[in-house]
Amino acid sequence: MAEVILKNVCKIYEGKNKVVTDANFTVKDKEFVVLVGPSGCGKTTTLRMIAGLEEISSGEIFIDGKVVNALPPKDRDIAMVFQNYALYPHMTVYENMAFGLKLKKVDKKEIDVRVKEAAKILSLESFLDRKPKALSGGQRQRVAVGRAIVRKPKVFLFDEPLSNLDAKLRVQMRTEISKLHKQLEATMIYVTHDQTEAMTMGNKIVVMKDGIINQVDTPMNLYNNPVNKFVAGFIGSPAMNFLSGKIIGNDKLSFKSNGGSIKFELTANQSKRMSKYSDKEIIIGIRPENISIEKPNENSFPVEVNIEVIEPMGNETFVYFQLDGIQFISRLREYENLFSGNIVRLFIQVERVYFFDKETGDNIN
Amino acid sequence: MNFKQSQTAAYFFLAPALSAIFIFFFLPVIAAFIISFTDFDIYTLGNFSSVRFIGFNNYIKLFDDPLFYTALKNTFYFVIVAAPLSIAISLGAALLLNSKLVKFKAIFRLSYFIPVVTTLVAVAIVWRFIYHPKFGIINYLLSLIGIAPIDWLGDTTTAMPAIILMSVWKSFGYNMIIFIAGLQNIPEDLYEAASIEGASGWQKFKSITLPMLAPTTVFISIITMIGYFQFFAEPYIMTQGGPLNSTLSIVQYMYQEGFKWWNMGYSASIAFVFFFIIMIGTLIQLKFQKNT
Amino acid sequence: MKKYLLYGFLIITSVLTLIPFFWMLGASFMLDGKASVFPPVFIPEPFSIIQYKVLFERLNVFRNFINSLVLSVLVTLFYITFTSMAGYAFAKYRFKGKKVLFNVLLSSMIIPSQVTMLPLFLLLKYMGFINTYMAIIIPGLANIFGIFLIRQYCISIPDSLIEAARIEGATDFQIYRKVILPLAIPVLVTLAIFSFLGTWNDFLWPLIALTDDSMYTLPVALSNLMLEHTKDPELMMAGSVVTVIPVIIVFLVLQKYYIKGIMMGSVKE
């Protein structure tokens, strides 16, 4: 099994359109790394460069210690699972899985053993004689995974493999792929635009935007310490609330939103780190789950809100309201007997407030 | 994928077809153009070096050649009558077969279509006998309504209409299929909306069907025109261009000059005038399409 | 009421359309002179296959039948191979000059093949191919229409299939052979019918390029026969039946593909 390293990898189309800029990250052996970002962020292009389906404009890609820039896909010892499965419609499930091995002139008996083994892992044994057309979306996806498994590649690449499935199946396949990762102990790189998939599956997540890698980190670190406003807003569901305002005071700093709906004193630690932002415009971020109806601790401040919409989910309740004319959402633990139109007092923990530079969007706390 | 490798593979796949098209299509087109400015004839065939460039002489001669004008006139006559007729009948047949009232569509469609796939030479021979003045089916059918026998292919006034009828019979099924496809592409809800607004059948045809079919019709006009301009086997088999050259077509004239008398320079100039006419005709119809 | 009128009209016109074929078939089984009667008859009385015997035993039409068959099959095989490769390349490869090349081909579709006939004849004569099978096969190797039809079809094949095969180690040719060709079977069948029928039915070029009775294809042989047998409708009808029946059979068996092909060809870019 193998390590994948990207060093200053760039992709430029037609000499000007920069799709990926200076991508740097390492996928360690047996690691499950997820590339995540909104559509058009260059994540798929990055994956395709690793696969060898796209040429690299500059930089280097290493697989297992070797530079593979000039190697065609077939010599990189990788397998890829495509978004639309890319099963050969004219071949049976068995033939689909065996195709690559046949091309490699692997012994027929060996092919049979490997295909049956993969079919067993993916519980596809009873479908081996069927054509892809006769399979459900989830089954097709499993065949696509099976086709990758039989080849025993150094690295597995997944390109949004679950986005064509319905919500329920997606959750199920998510766990199956995670299980598979443990079972095969393989290096896997997985592309998705869905932050939930990224958070639940990856050992490590690479967050991309506009061709630039914003942060490479573990899921919990991304959630707790996002490097900038984009990552903070992208990771977590429902997304973080943002509000513009100003830092005031000299020693003991406090924050006042532009519309005046929010005003609170920073903690001592926060004040220390934020001293150079005194008297400057910044943006604060508050996660919906850090807004509560009971006062969580002494170091929290209240806001009076007029509830616009209530979305009870059963185990939790989403409450929508406006602060400074900006839509806010809070995630309350359970149904709290609230109705739209109610005016309630909610509490926000000061320690859990994020601060971002207004210009760069960097996390400044 | 490596761009250079992919280039090599692409050229490998293109090479056979493109070299065949280049050597046996483009090269001959250019050669024909050159030959049309020479006096290439039967003597040149034996000795290529005797060929001489004679400028526009072939073209000048062509515009003084009464037989060329006859061929041109006949060809236009044929195209101008046969093409609209064929298109109208195709459209009619397509509308009938697209009607919801009709079942067994496949059978009717098949019988209208069969003439399209059959060998032109063979059916031209059959029609030669169908037009037989004494024993032919056409004259028999006409006799039922009291019309005296006509020597269809032997009379200068009826020979061309006879060939036109046969050609329309042979090819309307093709356009019919394209029209059916065009009709099926018209969204059903347009008709439903019109019905709600109280449009009659004829109004719906005029303001929905026809405009929606316009691109199809232009396409059909072009291919029908081009196809009919090239008519050759019909007169060759049925009348040999007669009587008195009344059915001589341009392609037939070109063939005679080139391969019967081996006046290849002259024949090539006919070919280019012929090409030029087809091109003009196509351009006019494309222009027409842009305006609709 | 309207419905019955409609059916009546459809049935009558269908029968009228098919009458030439009924008469052709009937007359071909008649004895000499039996078809030259007024009013015309459709049922042979007595039924005889003498005309076919004359055709095959005395006039040696079997040889022409074989010529037509062999040529149509050979042309079709080459044609399918050449056009599918080129169409695939146009659909799925990036290469220098692709756009220009494509537009040149597209616009030259307007050039009628008759323009090429004289130089083509001279070229093939120079190569020694006139009056051989090669004279028919060579101009039929590929055409622009076929390349476009294949291209259109291949564009609809997802790129990821090709990429998946590439990752699994397939060479460019293996991808063409094992992924593209099997998937393109419908359009290949369509083109094969076009090519087969086109070659079988072609008249002008074989008339020019083949100069011996024994090399003639059926249409040329038939037109030649017509010169001597103007007064023998029964014999000529037998000849027409022999020429027409194979194409009708091919069409009836594969009509789905043929009709689809016409519709595809009429879809503009």
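Throughout, a chain's letter reflects where its sequence line sits, starting with A, and its residues are numbered from 1.
Between the side chain of C:S68 and the backbone N or O of C:L218 there is at least one donor-acceptor pair closer than 3.5 Å. Of the possible donor and acceptor atoms, one in the side chain of C:W205 sits under 3.5 Å from a partner among the backbone N and O of C:A135.
Of the two parts of C:Q174, only the side chain, counted from C-beta on, holds a non-hydrogen atom closer than 4.5 Å to a non-hydrogen atom of chain A. For chain C, no part of A:R76 is nearby; none of its heavy atoms comes within less than 4.5 Å. For chain C, the nearby parts of A:Y88 are the backbone and the side chain; heavy atoms of each come within less than 4.5 Å. Neither the backbone nor the side chain of A:A148 has a heavy atom closer than 4.5 Å to any heavy atom of chain C.
Using the six-membered ring where Trp is involved, C:F78 and C:F82 have ring planes that are perpendicular, over 60° apart on the 30 and 60° scheme. Classified by interplanar angle (parallel below 30°, tilted 30° to 60°, perpendicular above 60°), the ring pair A:F158/A:F32 is parallel.
In terms of non-hydrogen atom pairs under 4.5 Å with chain C, the most contact-rich of A:I78, A:D75, A:L157, A:D77 is A:I78. Per-residue heavy-atom pair counts under 4.5 Å with chain C were compared for A:K74, A:M80, A:K104, A:Q83, and the maximum is reached by A:K74.
One side chain, C:S195 or C:T76, offers a donor N or O that lies under 3.5 Å from an acceptor on the other.
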